[in-house]
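A, B, ... follow the sequence lines: proteins, then strands. Residue 1 opens every chain. Values reported hereafter were calculated over all heavy atoms of this structure, with side chains retained and with hydrogens, waters and symmetry mates removed. Please read these numbers as outputs of a predicted model, since none were measured by experiment.
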Amino acid sequence: MGMSTHAPTSDFAKEIARAPGGEAIYKCVQCGICTASCVVASVSEKYRPRELIQRILIGMREEVLTSVLPWLCVTCRMCTERCQEDVSPADIFHAVRYVAAREGHIPSVFSHAVDLVLQDGWMLESGYSDFIEDERDDLGLHTDLGWNNQFVRRIKEKYFEGGLTQ
Amino acid sequence: MSQEEAPRIGVFVCHCGHNIAGVVDVEKVAKLASSLPHVVYTTHEMFMCADAGQQLIRSMVAEHALNRVVIASCSPRMHEPTFRKAVEEAGLNRYLFEQVNLREHVSWCHMREPEAATEKAIDLVRMSVARAAHLESLPIETVKVTPMALVVGAGITGLRAALDIADRGFEVLLVEKSPQLGGHVAKWTHLFPTGESGAELLAPLIRRVKSHTRIQIMRNSEVVEFEGFIGNFKATVQDRKDGVQREFDVGTAIIATGFESFKPFGYYSYGESPDIVTLAELQEMPPRPELLRPSNSQPVNTMAFIGCVGSREPSKKGHEHCSRHCCFATAKAASDLKDGLEEIVMLYKSLRTYGKHHEDIHRLAREKHVIYSRFPADEIPIVEVVDDKIRIEWTDILANKRLIFQPDMLVLASAMVAPSDTETVAKMFGLTRSSDGFFSPEHIKLAPLTTHVAGIMIAGTSQAAKNAVESSIDASGAAAKAAVLMARGEVEIESTLSEVNPELCSLCHTCITSCPYGAIGIDESRDPPVACVTKAKCHGCGTCAAACASGAIIMKHSTDNQIGAMLEAYLCPVQETM
Amino acid sequence: MREYLLYLGCTTPVRLPSYEAATKAVLSKLGIRLLDFKDVTCCGAQYIESISPRAHIGLGGRILALAESQGKDVLAICGACSGSLKHSKHILDKDKGMRREVNSMLREEGLKYTGNVQVKHLLQVLRDDIGYEHIRKAVTRRYSGVRLAAHYGCHVTRPYDIVKVDDPENPRVIDEIIECIGATAVDYPDKTRCCGGPLLAMDEELAALIGADKIKNVRGVGAEGIVTACVFCDIHLSQIQIGDDEVPESRVPIITLPQLMGLAYGIDKESLGINLNRISPEGILGTLQEGVGQ
Amino acid sequence: MIAKPGGRKGSISTSSDTALVIGGGVAGMQAALDIADQGFKVYLVETTPSIGGKMAMLDKTFPTLDCSACILTPRLSEVSHHPNITILSYSNVEKITGRVGNFRVRVLRRARCVHEERCSGCGNCIDVCPVEVPNEFDQMIGFRKAIYMPFPQATPNVCTVDMGSCIQCDRCIRVCERDAIDLNMKDKILRLSVGVIVVATGYRLFDVSAYPRLGYGKYMNVIHALEYERLINAAGPTQGHLIRLSDAKVPQNIGFIQCVGARDVSKGVPYCSRVCCMYGIKNAVMAKEHNPNTEVTIYYADIRAFGKGYEEFYHMAETRFGVNFVRGRVGRVLENPENCNLIVSVEDIAHHELLEVEHDLVVLSPGLQPPRSLEHIAHQLHFEVDDEGYVEVQNTFLNPVDTTIPGVFVCGCAEGPKDIPDSVSTGSAVAMRAAIALLHGGAK
């Protein structure tokens with residue numbers, strides 16, 4: 001990687017520690033058991049959870065928040081189960097996503113999915129075709145799924161200040 | 001038994017499990033031994049040192065009326081005491097036992113060439129059997145132990161040791177070079193694990209030491225001469241101010257001379273800015289509600305620590321070792337200071353918070369968001385001082401990132417090294433030093449507190465880098481070793497001493513000048529005067545016997561005919577020895 | 001008769017209705033009554049969860065409060081949904097502030113979360129409510145000799161402290177049930193690893209690589225099928241095997257646990273939606289021994 | 001050293017001139033010797049058939065690679081021949097009452113079915129015994145008879161009958177010339193009165209099967225460090241031939257995994273175990289000693305080589321012996337079914353690589369934990385233990401071996417993990433404190 005220099009600061013780590021899921025970040029002793037257990041890391045050279053956490057710890061805020069890496073975690077929590085210091089990288093990356101989202105750094109697939117839920121109350125309104133209705137019918141399943149699409153409005157105005165589509 | 005009685009030699013060859021038998025054909029060695037002159041019994045055993053082996057010696061001595069015992073096993077350093085005891089229990093004088101070292105001298109150093117090793121083993125056994133035939137009983141010498149202990153150094157180690165010995169009921173002479181008691185620990189004004197200062201911590205201990213009737217404290221003083229032998233040492237102590245010297249008779253001594261905190265000139269711009277200090281200097285800074293920069297007395301906002309300064313440097317004499325206490329101490333310092341500071345960065349090579357509760361403090365430091373950054377051992381940080389500002393640049397291998405930090409203050413966790421005068425102390429007390437510069441113990445695993453000089457103990461950081469808790473434990477341990485000798489009241493010494501044959505001595509003074517221990521004097525009572533040996537001072541090194549031109553000195557247990565027999569047996573194996 | 005509100009989640013009813021059907025059929029056979037759970041929303045797993053944790057708890061909180069209002073516990077058959085609802089419950093039970101926040105939003109609907117509701121995943125109901133003994137006894141047609149690999153689904157078993165389903169490093173429930181109905185459960189490397197499904201939207205290529213790795217491991221031990229208990233895993237593990245380069249016969253059939261059980265209980269293929277399985281499990285079905293119970 | 005112990009004085013007579021040392025490992029032995037050498041009487045209670053503790057099971061010791069048995073054996077015989085020390089092996093401390101200067105102790109002497117005073121340890125009985133069972137001393141790898149001696153230098157040097165596996169065929173009884181065997185022997189209760197008590201109960205190894213991801217118990221070629229010690233030990237089940245348990249092949253590529261059951265908050269063992277790094281390195285070096293062409297790798301989080309000569313040994317292992325050190329904790333161990341080799345997944349942090357390394361043998365380095373028996377003794381003596389179950393001391397700095405109860409002292413690993421030299425130092429230290437307490441009835 002390029003060796004541009006950086007001035008270490010704990011501000012970003014503190015910010016993450018305040019976000020839900022990020023509380024335990026300071027506990028990380030960089031043993032690497034998360035990376036060694038990570039299924040994504042096993043197929044992707046760029047994804048190294050331990051290194052990402054250290055970058056948070058030394059305060060590389062911009063780089064981390066604008067990076068796609070925190071969004072690649074599949075939250076399988078193998079790392080959570082194995083971490084010997086009770087750190088959950090999965091939850092730390094959730095905290096990072098949350099902070100990134102507040103500043104508008106959201107991968108389109110995420111914002112799109114969220115928009116769907118906030119609008120329909122669930123994700124697959126558009127995908128629920130007549131064809132599938134028939135399928136359910138054949139299986140003896142009711143075809144009216146009866147989703148509630150009112151409550152999400154309240155959720156939307158309370159938490160998404162009128163939606164995400166920046 | 002009389003020396004004239006014909007030798008009946010028993011040879012016991014030890015397998016030492018796989019250690020010897022794995023390389024040397026012990027059966028063959030034993031078989032050959034049985035054909036040697038005077039040998040009436042031979043065997044080979046799994047472990048001669050085990051109770052079973054010792055039992056065997058006792059019963060075979062009885063069964064075959066053996067009057068010499070040769071055991072081919074390990075180094076005498078290991079088991080000579082064990083076997084001597086065994087033959088004595090069998091009713092023989094301990095000097096009628098001979099040990100052949102088939103392990104250190106054969107199997108371990110010739111692992112890959114078993115045949116040659118076996119041949120060498122056979123030679124050695126043959127030589128020792130020949131020598132054994134000439135062994136003589138020697139009288140067992142014992143000496144009294146003066147019930148007073150000298151403790152050198154009044155740091156936490158010396159204080160603890162002195163107090164224990166005194167509480168145990170023996171007199172103590174506590175000598176401290178500096179004007180005050182308490183050593184390094186007393187100087188630690190803050191950052192102390194229990195929160196209190198070093199002085200507060202030591203106060204109760206010092207109070208008891210001062211008030212103890214059996215402890216004589218000499219401050220501003222140092223031991224300038226030390227001679228004698230176990231139980232009977234003579235220590236000359238000199239007052240550093242008026243130079244007055246006093247002599248003391250002591251039975252044992254505990255060396256608690258401690259360590260020196262390395263001044264890392266040439267490392268990380270130390271000395272180029274008053275704001276770059278060592279951990280020890282930081283610990284000794286006057287306690288204040290807020291930490292101030294030495295340079296301008298402005299409050300410190302940002303701080304960096306660098307670990308392993310002058311420690312763990314391969315092939316740099318006296319700096320190869322790990323200083324053991326720093327990882328914990330820096331973690332403690334950082335977690336204590338962090339509340340008042342904006343940022344603390346901990347630059348480390350590796351992290352060794354090994355001890356009880358150490359990890360708690362390490363975790364506490366991280367919880368307070370002290371930044372831990374690991375740098376590669378082969379690419380240490382660059383520290384520059386540019387117009388009074390400290391600038392550190394290094395590679396964080398954990399983030400794989402080049403970092404730059406400009407702290408108000410930089411603390412170097414510098415090594416614990418042996419004090420500059422250690423060599424003098426070593427010479428005076430006859431102690432050896434390990435590669436770390438500290439004194440070497442009698443055995444690194446099982447005898448960490450005693451030394452090769454009987455009656456002299458080492459404790460605390462004079463033995464190796466360690467923390468105050470470990471030093472305090474050492475202190476009580478070394479005190480026990482001293483107490484054991486004084487409680488016994490008398491101990492045995494070796495009888496393998498040199499002796500002058502007055503008939504042959506021409507008083508040429510060669511021996512007197514050659515003796516490294518000053519053990520040879522002149523017996524004026526005789527006419528003409530001759531050289532004579534002070535038994536208790538003689539270490540039995542044999543230098544005098546070798547030097548004596550007129551062959552007037554007999555080195556007991558290494559007499560000319562004993563050694564001659566060995567050479568003969570080696571050079572002309574076939575020939576029968578007389 | 002034990003009753004549960006069946007929380008379907010977004011994906012099951014649309015992408016894998018057979019899983020839903022099989023679950024209903026099998027559980028009713030085993031004496032568990034499932035009630036339709038309408039007027040709910042998405043649980044917020046993964047997407048909402050990532051962007052607004054509080055919104056996520058809000059959605060979960062309403063679902064749970066709704067269940068409370070009906071005095072029933074919730075059964076989720078989707079790994080993500082069960083994990084997400086359990087997580088929401090976990091937060092609401094320990095974080096009073098969050099609970100107040102959610103309840104204030106629920107007030108006008110007359111709903112209130114008090115914590116008096118449980119969320120179970122299918123595997124818990126099968127093991128704890130029904131039990132292996134009953135599962136074995138109910139069998140009318142035993143499988144024989146077929147080697148099956150269990151895939152549990154990460155969100156079903158982790159994090160253990162919250163989901164409390166099975167040993168996260170060495171889960172057994174599916175394996176036990178496979179054995180109960182006569183088939184042979186086989187262990188395989190990295191059994192507890194993710195299928196790659198959750199990554200599908202973000203990086204299809206990586207998701208496929210991860211899934212392919214699992215298929216490879218399963219094939220490596222000669223398993224003739226993979227048994228799932230999560231809609232995403234089931235879909236993804238099937239999906240990645242469908243492709244031009246894939247030879248149909250080398251594909252490993254993916255079958256949901258209730259489908260597998262249903263057949264052993266003599267439930268007809270149609271009601272279990274076997275025909276809808278992307279990779280035909282006929283090979284597995286072939287080993288069923290007619291008329292041999294326990 | 002030029003001096004030898006002289007004739008010892010008899011025991012000093014005070015209100016109580018006797019100490020009880022609980023545990024006959026290297027720390028307890030040192031304590032017993034240093035107390036007894038000061039003229040006091042010592043009862044040394046050990047639950048197993050022989051004193052010597054864990055050290056007796058070790059092959060070589062770091063950092064000098066001294067053979068453990070070789071340096072321990074003289075201590076064993078010194079203890080057994082000491083006029084002031086009474087060894088009560090195969091015995092358990094059941095009950096303790098009283099206070100410093102006057103503790104009353106009930107010791108259960110388990111029936112070893114052999115009269116110690118008659119048995120000469122000749123081993124004839126062992127030869128004729130037809131029953132073979134796994135040997136605890138060899139970590140269940142090797143076998144022993146129903147009548148046995150755990151190891152050649154066992155002290156006391158007498159046999160013990162394991163009635164659990166004895167079939168009472170009486171062969172041993174018939175062959176014993178000294179009429180030492182009595183299969184009907186019953187447990188005995190012994191009541192002691194002592195002035196001070198030294199707790200030296202040592203440690204137990206963490207049960208590594210608590211880590212399914214590392215494959216212990218599932219894969220034959222994943223073993224733990226103490227099993228490895230027995231495998232490379234000349235007196236061990238394979239006469240010191242390092243082989244794989246699956247197929248007796250000589251391993252060519254060994255991986256050592258550190259911090260297994262240590263520094264693991266989630267497993268309730270949050271602290272460093274102090275010795276694992278060094279014994280791990282020592283074991284790695286021994287693998288090279290046994291077969292210089294072996295590839296040896298150590299996977300670690302931090303190498304804690306802090307003791308005298310340790311860093312130097314660590315450096316030597318890397319440079320002279322060519323041991324590979326990889327910084328990174330292992331994610332999981334898998335078995336390659338074809339050859340029973342093991343695949344280790346780890347992040348090589350220093351080189352920013354994710355590795356899958358195949359080894360033909362994996363050795364786990366377990367952390368240390370207090371023995372279960374310590375709980376009972378703490379309860380009997382009412383001293384405090386920390387959250388991990390180790391003994392708390394009165395004042396870490398000033399009285400680091402005094403427990404919170406006057407007259408009760410602690411040494412070795414009962415206070416927390418320690419290496420051999422540190423254990424020996426604490427052994428001598430408690431001897432000092434105990435002797436003082438015996439003289440002053442615990443006043444100081």
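A distance-only check finds a donor-acceptor pair linking the side chain of Lys38(C) to the backbone of Asp144(A) [under 3.5 Å]. With hydrogens and angles disregarded, a donor-acceptor distance shorter than 3.5 Å links the side chain of Glu81(A) to the backbone of Tyr160(C). Side-chain atoms of Arg136(A) come within 3.5 Å of backbone N or O of Pro13(C) as a donor-acceptor pair.
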request  = Before giving the answer on side-chain contact (heavy atoms from CB on, under 4.5 Å), spell out for Leu139(A) and Glu20(C) the whole-Å C-alpha distance, their side-chain angles and the decisive distance to 0.1 Å.
outcome  = CA-CA 9 Å; Leu139(A) 287 164; Glu20(C) 176 186 350; over 6 Å; no
Going through the distances and angles, do Cys76(A) and Arg158(C) end up as a side-chain contact (heavy atoms from CB on, under 4.5 Å)? CA-CA 7 Å; Cys76(A) 74; Arg158(C) 291 188 292 263; 4.1 Å; yes
Leu118(A) and Ile48(C): side-chain contact (heavy atoms from CB on, under 4.5 Å), yes or no, with the steps?
CA-CA 9 Å; Leu118(A) 294 182; Ile48(C) 298 270; 4.1 Å; yes
### Query
Given Ser42(A) and Arg193(C), is the side-chain contact (heavy atoms from CB on, under 4.5 Å) satisfied, shown in steps?
CA-CA 11 Å; Ser42(A) 72; Arg193(C) 264 201 184 182; 3.4 Å; yes
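Close approach to chain A, defined as a heavy atom under 4.5 Å from one of its heavy atoms, is seen in no residue of residues 74-92 of chain C.
Using a 4.5 Å cut-off on side-chain heavy atoms (C-beta onward), Val43(A) and Asp213(C) make no contact. Side-chain contact between Met202(C) and Phe110(A) is present, with heavy atoms from C-beta onward closer than 4.5 Å.
With a 4.5 angstrom heavy-atom cutoff, Glu205(C) does not touch chain A via any of its atoms. Heavy atoms of Val99(A) lying under 4.5 Å from chain C are absent altogether. Interface remark: His142(A) contributes side-chain atoms only to the contact with chain C (heavy atom separation under 4.5 Å). At a 4.5 Å heavy-atom cutoff, the contact between Ile132(A) and chain C is made by side-chain atoms alone.
With chain A as partner, the option from Ala25(C), Cys154(C), Ala55(C) having the largest number of non-hydrogen pairs under 4.5 angstrom is Ala55(C). Heavy-atom pairs under 4.5 Å with chain A were tallied for Asp36(C), Leu209(C), Val40(C); the largest tally goes to Val40(C). Of the listed residues (Gly197(C), Ala22(C), Pro159(C)), the one with the most heavy-atom contacts under 4.5 Å to chain A is Pro159(C).
Here Trp71(A) contributes atom CH2 and Leu199(C) contributes atom CG; the two are 13.5 Å apart, rounded to the nearest 0.5 Å. Interatomic distance, CD of Glu108(C) versus CD of Gln150(A), reported as 10.0 Å (0.5 Å rounding). One finds the CG atom of Leu59(C) at 11.5 Å from the CZ atom of Arg154(A) (value rounded to the nearest 0.5 Å). The structure places OG1 of Thr192(C) at 15.0 Å from CZ of Arg77(A), a figure rounded to the nearest 0.5 Å.
Summarising the geometry of Gly127(A) relative to Val14(C), their closest heavy-atom pair is O-CG1, 3.8 Å, with the distance given to 0.1 Å. Residues Cys10(C) and Leu124(A) approach most closely at O-CD1, 3.6 Å, considering heavy atoms. Nearest heavy atoms, Tyr98(A) versus Ile51(C): CD1-O, 3.2 Å. Among all heavy-atom pairs drawn from Thr41(C) and Asn148(A), the shortest one is CG2-O, 3.3 Å. Of all non-hydrogen atoms in Glu135(A) and Pro17(C), the two that sit nearest each other are OE1-CG, 3.4 Å. Heavy-atom minimum distance, Ala201(C) versus Val109(A): O-CG1, 3.5 Å.
Just one of Pro53(C), Ser52(C), Ser50(C) meets the side chain to side chain contact (heavy atoms under 4.5 Å, CB included) condition when paired with Arg97(A); it is Ser50(C).
Geometrically, Arg62(C) engages Phe151(A) in a cation-pi contact, judged by NZ or CZ lying under 6.0 Å from the ring centre and within 45° of the ring axis.
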